[in-house]
Amino acid sequence: MPSVVTGVVMYPWAQAEQVLDGLREILLSGPDELTVQTAVAAGPDGGPTVMLLPTWCGDPEADGPVRALGRLGDPLAVQLDTMPLAAAVSGRDALFPNGRHVSIRTRPVAGLTPVISAALMEAGAALPSPMSALSIHQFRNAATRVPVADTAFGTREPHLTVEVIAVWPAGTDGTPHRAWADSTSAKIAPHSLPGGYANMLAPDDTEQIAHAFGGNAARLLEIKARVDPDGVFTAIPLPKG
């Protein structure tokens, strides 16, 4: 695609529950051309907000589903434009400059249920720093139509991934930031799906790693033992054989 319609729709924290309720069906049943990354993050005043970051890869003149995101409440700001996708992605690099510490936890969930929304709002109200955030990623439509045995990824039903991101500056105590990420993940865990997106799992996330590849785990481990017996490549954790 030479360009996409993308940007941000920002809502005040007082409307968080209303906006998350309105997103529930959109996130799991919108058209293939629409992706909405949702964030609970600090706004210009340092307080929490709900930010919708849509990407529309369909006809730019038929971007109604994107524009509808600005009608879930009374937004603080709506900034949508047509641009190359690379420009939109590189614009978010400023969120992770060199020198900051980051601790990430991730949980896949079936949908934005009232229980999950409540956990997001509780965590959002207690952001440990203005740099920390929660990000909700979609997994649906085209990705769910890939047969589960065709790749290593083991979860092909429509779902969301909640990414809990604690960020703090160098030279400060990371204990409260890690505690916030861990406690938020623990609150979501009883309502989450097994496994997770392997690229976001740390080596100590053993329970999630064990289920991340589903029925593909045995085949993946066999290939790993054959082509990389010395374990040179270790960036993505694998289940125990």
Side-chain angles (χ1 to χ4, degrees), residues 1-11 15-41 43 49-96 106-114 116-117 120 133-163 165 192-193 195-200 214:
M1 299 296 297
S3 61
V4 296
V5 178
T6 188
V8 61
V9 180
M10 182 186 301
Y11 283 99
Q15 297 177 30
E17 183 174 7
Q18 171 186 338
V19 173
L20 293 175
D21 284 348
L23 278 174
R24 189 169 297 136
E25 289 301 318
I26 294 173
L27 292 183
L28 288 179
S29 62
D32 275 18
E33 295 85 356
L34 177 65
T35 297
V36 184
Q37 186 168 354
T38 307
V40 172
T49 64
V50 177
M51 299 183 188
L52 313 182
L53 298 99
T55 300
W56 173 259
C57 65
D59 181 353
E61 302 300 321
D63 61 353
V66 178
R67 303 293 170 180
L69 297 173
R71 298 192 291 271
L72 298 176
D74 298 314
L76 293 170
V78 178
Q79 298 174 345
L80 299 171
D81 202 355
T82 301
M83 65 183 73
L85 181 60
V89 173
S90 63
R92 300 172 192 172
D93 290 348
L95 297 174
F96 298 98
T106 175
R107 292 287 179 183
V109 297
L112 203 56
T113 64
I116 298 301
S117 293
L120 295 175
L134 299 113
S135 181
I136 298 95
H137 304 265
Q138 291 175 288
F139 186 96
R140 61 186 182 89
N141 292 6
T144 67
R145 296 193 284 269
V146 177
V148 71
D150 279 8
T151 75
F153 188 66
T155 306
R156 287 291 165 184
E157 65 264 26
H159 67 277
L160 308 174
T161 291
V162 177
E163 185 183 4
I165 312 168
S192 67
L193 301 171
Y197 183 57
N199 199 43
M200 290 182 177

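Side-chain contact check for Gln37 and Ser135: at least one donor-acceptor pair (N or O, by modelled atom type) lies under 3.5 Å.
The line from CG of Leu80 to CG of Leu69 is 8.0 Å long, rounded to the nearest 0.5 Å. Distance CG/Leu134 to CD1/Ile165: 7.5 Å, rounded to 0.5 Å. Note that CD of Gln15 is 13.0 Å distant from CE of Met10, once rounded to the nearest 0.5 Å. Annotation: the span from Leu27 atom CG to His137 atom NE2 amounts to 12.0 Å, rounded to 0.5 Å. The line from OG of Ser29 to CG of Asn141 is 8.5 Å long, rounded to the nearest 0.5 Å. Summarising the geometry, atom CD belonging to Gln138 is positioned 7.0 Å from atom OG1 belonging to Thr38; distances are rounded to the nearest 0.5 Å.
Within a 6.0 Å sphere centred on CD of Glu33, heavy atoms belonging to other residues, nucleotides or ligands number more than 12. For Phe139, the CZ atom is densely surrounded, since the number of other residues' heavy atoms within 6.0 Å is greater than 12.
With sequence neighbours left out, Asp21 forms a side chain to side chain donor-acceptor pair (under 3.5 Å) with Arg24.
Sequence neighbours left out, not one pair with a member in residues 69-87 passes side-chain hydrogen bond (donor to acceptor under 3.5 Å, both in side chains). Residue pairs meeting the salt bridge (Lys or Arg N to Asp or Glu O under 4.0 Å) criterion with at least one member in residues 140-162, sequence neighbours excluded: Asp32-Arg145.
Considering all non-hydrogen atoms of both residues, Ser117 and Leu20 come closest at OG-CB, 3.8 Å. Pairing each heavy atom of Gly73 with each of Gln18, the nearest pair is CA-NE2, 3.4 Å. Scanning all heavy atoms of the two residues, the minimum distance from Val148 to Gly154 falls at CG2-O, 3.7 Å. Taking each heavy atom of Gly196 and Phe153 in turn, the nearest pair found is O-CE1, 4.1 Å. Between Tyr11 and Leu76, the closest heavy-atom pair is C-CD1, 4.0 Å. Closest approach of Arg107 to Ser192, counting heavy atoms only: CD-OG, 4.0 Å.
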TODO: Could you give me the CA-CA distance, side-chain angles and deciding distance for Leu52 and Leu72, then say whether side-chain contact (heavy atoms from CB on, under 4.5 Å) is met?
DONE: CA-CA 11 Å; Leu52 313 182; Leu72 298 176; 3.9 Å; yes
Task: Steps toward side-chain contact (heavy atoms from CB on, under 4.5 Å) verdict (Leu112, Leu160) - done: CA-CA 8 Å; Leu112 203 56; Leu160 308 174; 4.1 Å; yes
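Here the side chains of Pro54 and Leu34 are in contact, with some heavy-atom distance below 4.5 Å.
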